[in-house]
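Since the structure comes first, as structure tokens, the remarks are kept for the end.
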Number of protein chains: 2
Amino acid sequence: MHPNLEELIQRLQQAITLEDLQITTESLREHYAVTHVVYHWVNSVGERFGAGTYSQEWVDRYVEKDYLRMDPVIIGCFQRFHPVDWKQLDWSTKAAKSFFREAISFGIGNQGLTIPIRGPQGQFALFTVTDTCPDEVWADFIETNSRDLILIAHEFNKKALEFEKGTEQQSAANLSPRELSAMTLLAKGLSRAQTADEMQISEHTLRVYIEAARHKLGAMNTTHAVARALSRGLIVV
Amino acid sequence: MHPNLEELIQRLQQAITLEDLQITTESLREHYAVTHVVYHWVNSVGERFGAGTYSQEWVDRYVEKDYLRMDPVIIGCFQRFHPVDWKQLDWSTKAAKSFFREAISFGIGNQGLTIPIRGPQGQFALFTVTDTCPDEVWADFIETNSRDLILIAHEFNKKALEFEKGTEQQSAANLSPRELSAMTLLAKGLSRAQTADEMQISEHTLRVYIEAARHKLGAMNTTHAVARALSRGLIVV
DNA sequence: ATTTTACTCCCCATAAATGGGGAGGTGGGC
DNA sequence: GCCCACCTCCCCATTTATGGGGAGTAAAAT
């Protein structure tokens, strides 16, 4: 374990503004003596939020070209769980190769480690450390620090979720057991007739539950109601 | 950091069967001198998988009574990111109270810390440590070990995902951008007409996307397809 | 250069979901 | 004891979703 992990995490935990997170990324960059440290998050509303040491030029370029949609780091991390060494990713396509060349020209560095992080309600974030060095040096760096970085990424995301919570409040909307059963069965793909049969009630009665759940959830239709129940963690499929 | 974390994680990383995970939970229980250690996972197909030291009687009881749907630990962890001390959860309802009493009678312990873990395609897992002790002792335990436990939980899930990859690899389900747009808008409660209008295509065309998405997701109807897309983290509302 | 993938459009008919009413029974909480 | 939330049942008519076909263009991957 790195001796200063405690101190770094404490600084993170004490952050109260976005700028504090920004400063923390800069401190981390100095501390680990790497090229860049970035925390990046696309929230449930599609808003982007991030803190990091990439140059503004690169960020602008990235947004302008909509690289989010093709960046092999994003694509790769989205289907992985463990930290991803950029070398493990698929850079074979032409677009990926030119993207990588361009990234290097913007001073991103030739090495990178990105940790995917997933939170409630489908939240997805990335914590990235990049450097400019030979493969062997980078392998050593990962070997030494990956666990610390996982914990730091975790703390970053915890903080980001705290900020998010301040901006969007969500109503409790507690559904009755029968309403929850109805929502769950519908989410499993059963039709109303099947659901009513499974719940051993008439379809007429089932409709009352569905309607009640819809109104409680402020949903437009059954599909919407099921989607909201899922998003809010009221039901599990 | 606990001196034996390295050894424990290495043992985890070398696990090649489900029984190895089971043995690891038992080793962890001894190592931390706690009442129970459990890793539990409900995958995208709804299959349950787990390793842990709970008694078979409690597991059977839990499944029989379908406690998964009301367990405050599940509900609470599903909407949280950071490790959850069971005391932070909402035990105010009558059902929750009797559930807690019953759990204690089955020797689960009066204290618990559960770490929610989320993987690709909406995978959701829980890593739990329980104990029987006073609040202050438990607070100390958490203070001392929570970070180690996060890393252990991470390794557990990495291993579980490796196992999963072996058994079911067909659930890749790549939806095209238009299919994803359709699913997202439907999940937001738009009707087909509104969705088609929003996507600026004819409703006939929209139906092709919905049908394609349904088939790819193996869903019975639109509601089911949207639910699966949400569960697997393909779309966000 | 060829194949695959994605995107767009159109037809038919039937089954399903939705909108709005109303009514009676139970149990728990104040 | 009363009220509220929950559970159950039923009617009407209309809109919407679903099932199965087919077919052409354009871009991208191989």
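Chain letters run A, B, ... following the sequence lines, proteins first, then strands; residues in each count from 1. Small disclaimer: the values here were computed from a predicted structure and weren't measured. Worth knowing before you read on, the calculation uses all heavy atoms, side chains too, and leaves out hydrogens, waters and symmetry mates.
The aromatic rings of A:Trp91 and A:Phe100 lie tilted to each other, with the angle between the two planes from 30° to 60°.
Judged purely by distance below 3.5 Å, without hydrogens or angles, the side chains of A:Tyr39 and A:Asn157 pair a donor atom with an acceptor atom. Defined by atom type and a distance below 3.5 Å, a donor-acceptor pair is present between the side-chain atoms of B:Thr132 and B:Thr35. At a cut-off of 3.5 Å, with distance as the only test, no side-chain donor of B:Thr184 or B:Ser181 sits close to an acceptor on the other residue.
Between A:Phe127 and A:His40, the distance from one ring center to the other does not fall under 6.0 angstrom. The ring of B:His82 has its center closer than 6.0 angstrom to the ring center of A:His154.
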Please test A:Trp138 against A:Asn110 for side chain to side chain contact (heavy atoms under 4.5 Å, CB included), starting from the C-alpha separation and ending with a verdict. CA-CA 10 Å; A:Trp138 187 240; A:Asn110 65 326; over 6 Å; no
Please assess A:Lys216 against A:Leu175 for the test side chain to side chain contact (heavy atoms under 4.5 Å, CB included), listing each intermediate value before the final yes or no. CA-CA 7 Å; A:Lys216 284 184 183 176; A:Leu175 302 188; 3.6 Å; yes
Yes or no on side-chain hydrogen bond (donor to acceptor under 3.5 Å, both in side chains) for A:Gln111 and A:Asp135, after CA distance, side-chain angles and deciding distance? CA-CA 8 Å; A:Gln111 305 286 356; A:Asp135 286 4; 2.7 Å; yes
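Atom OG1 of residue B:Thr195 and atom CD1 of residue B:Ile201 lie 9.0 Å apart, to the nearest 0.5 angstrom. Atom CE of B:Met183 and atom CG of B:Leu217 lie 7.0 Å apart (nearest 0.5 Å). For the atom pair A:Ile117 CD1 and A:Leu161 CG, the distance stands at 9.5 Å (nearest 0.5 Å).
Surrounding NZ of B:Lys188 are at most 12 heavy atoms belonging to other residues, nucleotides or ligands under 6.0 Å away. No more than 12 heavy atoms of other residues, nucleotides or ligands shown are found within 6.0 angstrom of CE on B:Met220.
What separates CD of B:Gln194 from P of C:dT18 is a distance of 13 Å, to the nearest Å. Atom pair A:Ile201:CD1 and D:dC6:C1' shows a separation of 12 Å (rounding to whole Å applied). Protein atom NE2 of A:His204 is 14 Å distant from nucleotide atom P of C:dA16, rounded to whole Å. Atom CG of B:Leu206 is separated from atom C1' of C:dC10 by 15 Å (rounded to the nearest Å).
For the pair A:Thr205 and D:dC9, the criterion of a side-chain N or O lying under 4.0 Å from OP1 or OP2 is met.
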Heteroatom pairs (N/O) under 3.5 angstrom, protein to nucleotides 4-6 of chain C:
none

Please list, pair by pair, any protein nitrogen or oxygen found under 3.5 Å from a nitrogen or oxygen in nucleotides 28-30 of chain D.
none

With the criterion being N/O to N/O and under 3.5 Å, what pairs connect the protein with nucleotides 28-30 of chain C, and how long is each?
none

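Contacts of B:Arg61 classified as side-chain contact (heavy atoms from CB on, under 4.5 Å), with partners at least two apart in sequence or in another chain: B:Trp58, B:Glu64, B:Lys65, B:Tyr67, B:Glu102, B:Phe106.
Partner of B:Gln13 under the side-chain hydrogen bond (donor to acceptor under 3.5 Å, both in side chains) criterion, chosen from B:Glu155, B:Lys159, B:Lys158: B:Glu155.
The listed nucleotides are D:dT8, D:dC10, C:dC10; the one nearest the side chain of B:Ser202 is C:dC10.
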Going 5' to 3' along nucleotides 14-20 of chain D, which nucleotides have protein heavy atoms under 4.0 Å from the base (write B), which only from the sugar-phosphate (write S), and which from neither (write -)? ---BBBB
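Between its two ends, the helix from C:dA1-D:dT30 to C:dC30-D:dG1 turns its axis by 80°, counting five pairs per end and rounding to 10 degrees.
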